[in-house]
Amino acid sequence: MKHGYNVSIVQEPETSFNEDVTATKRALTLQDGPCILVGHSYGRAVITEAGMDPSVAGLVCVAAHMPDVGENEADDGKRFPSDLSKSGAIKKTADGFTYLEPTQFPKYFAADLSAEQATFMACSQVFNFADNFKAVITAAAWRSKPSWMLVAAADRTINPDLERWYATEGDQGACSRVSLKNNRCAAPGTHTEQKLEDRLV
């Protein structure tokens, strides 16, 4: 609880897209009023579906994918390939879960963080089932609810041009957008004490 807001953090199992949506809706049941869902990276696709819950008043997208109905992250990413997608740093386990090669993690995901923070994140990353990125969106909450997009202008995990396209050139053109200069995909963990206006482009 901070500034009067009751904040819940969802730990998505990332074993299937539907299970991640279910986990998000489970957290919503613990809230006692209108909610704002915030999604980062893959998590934004999850809240696109989970946001259809009647308790959700709006959605915030932070350095993330924002697919429309009938779309999926994997195909959308091909519009503007990212540095990470071309690097070979994405690895897959024998049973089909993806992860970012730990030694490459800071370079492509967390270059803004301290070496200690980046190493911790690299070693504690939750492996994501590869098929989750191909999950087709069946309902897009941003079509009927207010949405905001934060673009990480130096993102190497998701191409910033794709993030801008989601916010301004795709079907989501009504989405409000803010850009953070020089920030990478780990934007939620950087400059937390700095005034937002100092980071805007």
Side-chain angles (χ1 to χ4, degrees), residues 10-29 34-87 90 92 95-100 108-109 126-153 155-179 185 187-188:
V10 180
Q11 180 56 70
E12 300 163 347
E14 300 192 354
T15 48
S16 81
F17 180 77
N18 288 336
E19 289 172 357
D20 291 342
V21 171
T22 298
T24 304
K25 290 183 175 180
R26 186 180 301 119
L28 288 172
T29 66
C35 302
I36 299 292
L37 282 180
V38 181
H40 170 247
S41 194
Y42 159 76
R44 183 56 172 84
V46 175
I47 69 169
T48 291
E49 291 256 358
M52 295 302 295
D53 188 281
S55 68
V56 176
L59 302 95
V60 176
C61 176
V62 182
H65 284 281
M66 193 175 172
D68 196 0
V69 172
E71 296 178 350
N72 65 69
E73 288 191 15
D75 288 343
D76 280 358
K78 295 174 184 177
R79 296 177 185 271
F80 302 94
S82 67
D83 290 345
L84 175 61
S85 69
K86 296 178 284 187
S87 71
I90 300 173
K92 185 186 291 187
D95 58 348
F97 284 78
T98 61
Y99 64 99
L100 184 52
Y108 290 106
F109 191 87
V126 178
F127 291 13
N128 200 334
F129 190 52
D131 286 353
N132 290 349
F133 301 108
K134 299 177 182 178
V136 176
I137 298 299
T138 61
W142 52 260
R143 282 196 167 277
S144 57
K145 301 183 181 185
S147 296
W148 297 266
M149 165 75 84
L150 189 152
V151 174
D155 199 337
R156 301 190 71 187
T157 302
I158 301 173
N159 191 320
D161 288 334
L162 178 60
E163 296 175 25
R164 296 185 188 99
W165 180 85
Y166 278 133
T168 61
E169 297 180 28
D171 295 330
Q172 301 88 315
C175 178
S176 298
R177 184 186 73 177
V178 169
S179 291
C185 200

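Between H65 and I158, the shortest heavy-atom contact is CD2-CD1, 3.6 Å. For the residue pair M52 and A139, the shortest heavy atom distance occurs at CG-CB, 3.7 Å. Here the closest non-hydrogen pair linking A63 and D155 is CB-OD2, 3.7 Å. Minimum heavy-atom separation, S41 to A64: N-CB, 3.1 Å. Residue K92 comes nearest to A130 through the heavy atom pair CE-CB, 3.9 Å, listed as atom of the first residue, atom of the second, then distance. The nearest pair of heavy atoms linking T157 to Y108 is OG1-O, 2.6 Å.
Qualifying side chain to side chain donor-acceptor pair (under 3.5 Å) partners for T22, counting only residues two or more places apart in sequence or in other chains: none. Shown here are the side chain to side chain donor-acceptor pair (under 3.5 Å) partners of N72, two or more places apart in sequence or in another chain: D75. Taking D161 as the reference, R164 meet the salt bridge (Lys or Arg N to Asp or Glu O under 4.0 Å) condition, with sequence neighbours excluded. The salt bridge (Lys or Arg N to Asp or Glu O under 4.0 Å) search around R79 returns E71, D76, not counting sequence neighbours. Applying the side chain to side chain donor-acceptor pair (under 3.5 Å) criterion to E49, with sequence neighbours excluded, gives T138. Remark: T15 pairs with E19 by the side chain to side chain donor-acceptor pair (under 3.5 Å) rule, at least two apart or across chains.
No side-chain donor from either of N18 and S16 sits under 3.5 Å from a side-chain acceptor of the other.
Of the inter-residue distances, the one linking F129 atom CZ with D95 atom CG reads 8.0 Å to the nearest 0.5 angstrom. Once rounded to the nearest 0.5 Å, the distance linking SG of C61 with CG of L37 reads 12.0 Å. To the nearest 0.5 angstrom, L28 atom CG is 5.0 Å from C35 atom SG. Between atom CD1 of residue I137 and atom CD of residue E73 there is a gap of 7.5 Å, rounded to the nearest 0.5 Å. Rounding to the nearest 0.5 Å gives a distance of 7.5 Å between CD1 of I90 and CZ of F133.
Judged purely by atom type and a 3.5 angstrom limit, K145 uses its side chain to pair as donor or acceptor with the backbone of G51. For T98 (side chain) and N128 (main-chain N/O), a donor-acceptor pair under 3.5 Å exists by modelled atom type.
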Verify side chain to side chain contact (heavy atoms under 4.5 Å, CB included) between I47 and V56, making sure each step is shown before the conclusion. CA-CA 10 Å; I47 69 169; V56 176; over 6 Å; no
Evaluate the criterion side chain to side chain contact (heavy atoms under 4.5 Å, CB included) for residue pair F127 and E14; output intermediate values, then yes/no. CA-CA 7 Å; F127 291 13; E14 300 192 354; over 6 Å; no
Could you check S147 against L59 for side chain to side chain contact (heavy atoms under 4.5 Å, CB included), going step by step and ending with a plain yes or no? CA-CA 5 Å; S147 296; L59 302 95; 3.9 Å; yes
Using side chain to side chain contact (heavy atoms under 4.5 Å, CB included), reason through T48 and R44 one step at a time and then give a plain yes or no. CA-CA 6 Å; T48 291; R44 183 56 172 84; 2.7 Å; yes
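At a threshold of 4.5 Å between non-hydrogen side-chain atoms, the residues D68 and W142 count as touching.
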